[in-house]
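Note on naming: letters A, B, ... go to the chains in the order of the sequence lines (proteins, then strands), and numbering restarts at 1 for each one.
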Amino acid sequence: MQVQAPVIAINNLTKTYEGGAGQVVALANVSLQIGAGEFISLIGPSGCGKSTLMRLIGDLTQPSAGSIAVKGKTPTCARRDRDYGIVFQAPVLYDWRTVQRNVELPLEIMGQPRSERARRSAEMLKLVGLSEFEQAYPRQLSGGMQQRVAIARALVFAPSILLMDEPFGALDELTRERMQGELLEIWARTNATVIFVTHSIPEAVFLSDRVVVMSPRPGRIEAIIPIDLPRPRDTLTREDPHFFALATEVRERLRHS
Amino acid sequence: MQRQKRFAALPIVALFALVLAACGQTPATTSPAATAVAGSTDTVATMAPAMTMAATDAATMAPAMTMAATDAATMAPAMTIAATDAATMAPAMTSTTAAAAPAAGGPKDKVTLQLKWVAQGQFAGYYAAKEKGFYDAENLDVTLRPGGPDIVPEQVVAGGQAQFGLDWLPSLLSNREQGVPLVNIAQVFQRSGMREISFKDKNINAPTDLKGKKVGVWVGGNEFELYAALAKNNIDKDKDVSIVSQKFDMNAFLGGELDAASAMTFNEYYQVLAAGHKPEEFNVIDFNKEGTAMLEDGIFTTESFLQDAKNKDIAARFLRASFKGWDYCRDNAADCVKIVLKNDASGVMKADAQRWQIDEINKLIYPLPSCAKGIGYMCPDAFKQTADIAQKFGVIKKAPDDKAYTQEIWQMASAKQ
Amino acid sequence: MSDDLILLGHDVPAASRRVRPLLRESRTFAVITLVVVIVVLWESAKLLFHLPDRKLPHIGSILLEFGTRTQGGSGPYWGVLMLNNAAATLGEALTGFVLGGVLGCLLAVVFTASPLLERGLLPYVVGSQLVPILAIAPMVVIGMGHLGAPDWLSKAIIAAYLTFFPVTIGMLRGLRSAPPDSLPLMHSYAASSSQIFWKLRLPASLPYLFTALKIAATASIIGSIIGELPVGAARGIGVVVVNAAQYYNSRPQNLWAAVLVASLLGLCFYGAVVLAERLIVGPQAQT
Amino acid sequence: MAVVQANLKQLSPAARGRAFAWRWGPALATLLLVLVLWEVGVRLFHVAVYLLPPPSLIGARLLERGSFLLGIGLYTFEEALWGFIIGCSLGAAVAVLSVRWRWIAHGLLPFAVASNAVPIIALAPLVGIWFGSTTQGSKIVIVAIMTFFPTLLNTYRGLLSPAPEALELMHSYAATSTQSFLKLRVPAALPFLFNALKISATLSIIGAIVSEFFGGPLKALGVYITSQAGIGHYAEAWAAIVVACGLGMAFYLVIVVAERLVMPWNTTGES
């Protein structure tokens, strides 16, 4: 769990927006080091800046002050090097593409040959358990299946960093737990570093190596809680007293924020 | 809260709708009346009290009174149904009006004349009759209803929105054959004003030269003089020439699209001259000379209208006053130009054009041909020529019966004069 | 097909609404720029290609036309006459707008209440717009006249014919636009169907209704001109267009000016509906 | 929703027949009812032919002059088609430019909206003066103007329709702007474009007929309608109007079929 060579190094990051009623400080002086292959959850109440932090890492928005280094590069360079796979709360699949072609989309943009694309997408769809649905259109799938396609699409080009913004937020509890298990299995087979934004305490505890608790107005880090539950984690993990203890700690921290 | 606010605003929507409705009514109800009465303020002054009541206070109108308001254009829908068709007039009222001698007060007879085209010099006689009080003197309240590019006066009259209409005889015959019982009561234009003109360089000196050319004509009733001239010269209008529908302006002709174009002497011909051309630049085919001229503007009404003796009287008075209007324009062309311009709601017309128009129109009426016993007289031979040509060239399938025109009204009009 | 007639009413994409004040400024600027560009292009094209007035009169002479006097120099100014004609057209259009608007709303309410009627009639509501109304305008005027309608009403009915369609479609969408859970909510209050209509469906439909009314406003002007032009009338823009076209060779600026007035009339009516929308639906209303 | 669609395809023939009957039955019944009432009403009340000919008479003329009417219909359709092609492609092209350079949009879109207020019928004589009132040119230009603005507005909206996340996704792949345009904006705009094409299809037929009102050869549908109505041949005029409606509907349906072929994923685009 030790952070030696951080993949992502965030220093004194500040982000302000010009709002209707003057400036809104979304993030104030946030510093965080994330190690290679680490699974980090960002948790906090609405408006604590957790999504903003993720978007800053992913080069989807620019910081007002402070710095981010991703593998020693700026986020923009990292993005150009295709280091990021992003999954949003909504699956954001392209209606006009079949499941297979949705998964192939990033490879297409990166100019991979057709055969390679087909191979990789088949592999990814197998990983998320959707091999039978290659030729289906997104609208023909359920919400959970669509989100699995989105995950397959995010992983298909083997990005080193996976940014997930409440990806299971819209799913029902059982599907959500199953997806969490699947996500851990997939993650185990890749070497990706995951930054996972969530509202759910059990979800954060179950998935993460460390849970970053954030507080609002202005957004800052309240606490970083290491999760020392053994891996691989499964249904039994959720019933472990230590799991409850960690969840309680996160809850306490959140309440104080 | 937002929803509440929207809901609270609903009365405003309703109010807005009401205001819109009110605005919609105001100009519309006043417009026909305003133009119809324009310039003849004395109309109102000479109106009998009873009539004023009937026309203004719709709510208190007794059923028997509806006939007094025959002017469909100024009426609200509910009233007009009973009012438009003069043939259905209440017997009680018939006696009153029939007894009314010309200019002897009493309720004025409201009638409408459907013109063939927009207000212009072509109809100067009717506008003059109205403006100069000739209709008033005959105890008539006449509305002149302007036409448009696609209005067919025959249909308006048959539909009951006007008692009298103005159109070319072949068109009347064609409509009559389609089962529309119309009858010509006066033939105002004794000569054809229609020409087929072309620039000299097209070398079109006679109808035979139209072969292979692009020839413009007004379709929908005014094409038959040309068709007859073509047929007379053994030219198949569907194969040997390219007939093109030309619309209310000479731009296609001046722009070089058409080899030849139809032009009325009083209107389109002037327009090409006004565009800066000289008469000597054109070849003109005159259907009068080609022997395919047909009778143009004539006054007609429905057979059913004339079934009532009282209506015959109205028609006779209408003709008498209209003829007086034409005579006035023959003698006072300059004044008639002013009258026409005053009635041009569009404000587009210029005095010189209308002067030309009235002068040319006068040539179509005067001097009266030898067969005519007076202005508006239908010469039987002229009728026969038009009917023959119309039949020969497919405007109508069989010869018109003798009810297509009547001289009776014309005789009534001239007898009392 | 229905959707996009409605879409025609919007012009500001949802995403850019956030930056409204900035956008509006740049928009005003862009519009002014474009007007200037058009004027410059117009006049320079005339100069460069030696376009005669018959093809393209000077902008100045078109505008000056409004200040000339009619009836051989002794009558009212042409601009005044044009106002008179515009008022006649507007009167018909307003009547048609109200008639068509009411009919459209009624149809939409009936269709919402009865799926059977919707399936039976809606295809013909859509199909009605396939009929070339200009071609049958004379028949409409004569037919309506036969039934006793005065001339202006026949023209208003033609305007209503073009107006009711977007209103029906827009209102239908609007009445169905209530958020999915709001209906069960109303049911939970044991609301009567008329309460549901007045408190939920109708307020929810207002934005859609106004979008449709904006289209209907311009359609009603077009409709009344279509009624006037082929059939003739005592007054109206359609009459001016026919007359001006007839005398185009001697005075081309008349026709251009008439088209200008017709367009302004449509724009003003459109603007009036936008204004009403702001007042009734509130400032969040889209343009 | 997805499940429902899957089921529709698996329905038994009988059930599909019932679904079809429910979908179109009321409309067909209305048509029959209207035709019967029209015919009976005209005969019962002795409505004059020049007011409203009975449907049987219109039908008879339609059969009698079918090939002729279709011939003149095709002449008019040719104008509509060319105007449609020019207007729609220009509209789509300007929409693309407007998305690329927003100042074009800011300057042009208010005019596009305002253009709805311009009565094209008032403009027609001017177009005739420029492009020839009796030739096909002016008709094509009028149809092009009529179809240009709806296509422009709809395509523009369609190109701007992708959700911000969809654009961010492209951004995260470091896609070039051409790539995001071709792979995201263009396909996302297709439903909007097809909606515009559907409106334009019917508008183009109407537009061609309206412009023929201002002059044209006898073999044009619009000229035929007005000329026949002018000499009291109402059944002929109505038969031609039926042909015009039929052409508009056929053109519309062609676009609907094209839409289904081009956008197999879009199964909800019916109206």
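A distance of 4.0 Å separates CD1 of D:Ile129 from CG of B:Asn251, quoted to the nearest 0.5 Å. A distance of 4.5 Å separates CG in B:Asp150 from CZ in D:Phe213, rounded to the nearest 0.5 Å. Taking OG of B:Ser245 as the reference point, atom CD of D:Glu212 lies at 9.0 Å (rounded to 0.5 Å). Here NZ of D:Lys219 is found 11.5 Å from CG of B:Asp238. Values are rounded to the nearest 0.5 Å.
D:Tyr234 touches chain B through its side chain: at least one heavy atom from C-beta onward sits under 4.5 Å away, while N, CA, C and O do not. The contact between B:Val152 and chain D is made entirely by side chain atoms (from C-beta outward), counting heavy-atom distances below 4.5 Å. Using a 4.5 Å cut-off between heavy atoms, D:Ala229 contacts chain B through its backbone alone, with no side-chain atom that close. For B:Pro170, no part lies under 4.5 angstrom from a heavy atom of chain D.
Considering only heavy-atom pairs separated by less than 4.5 Å from chain D, the leading option among B:Gln155, B:Arg176, B:Glu154 is B:Gln155. Among the candidates D:Ser227, D:Ala220, D:Pro125, the residue making the largest number of heavy-atom pairs closer than 4.5 Å to chain B is D:Ser227. Residue with the most contacts toward chain D among B:Val217, B:Val180, B:Asp249: B:Val180 (heavy-atom pairs, distance under 4.5 Å).
The stretch residues 253-261 of chain B places B:Glu257, B:Leu258 near chain D, each with some heavy atom under 4.5 Å from a heavy atom of that chain.
Remark: the B:Lys214 side chain and the D:Thr134 side chain contain an N/O donor-acceptor pair separated by less than 3.5 Å.
Heavy-atom neighbours of D:Trp82 CH2 from other residues, nucleotides or ligands within 6.0 Å: at or below the threshold of 12.
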Show your working on side-chain contact (heavy atoms from CB on, under 4.5 Å) between B:Val219 and D:Gln228 and close with a plain yes or no. CA-CA 9 Å; B:Val219 298; D:Gln228 291 302 308; over 6 Å; no

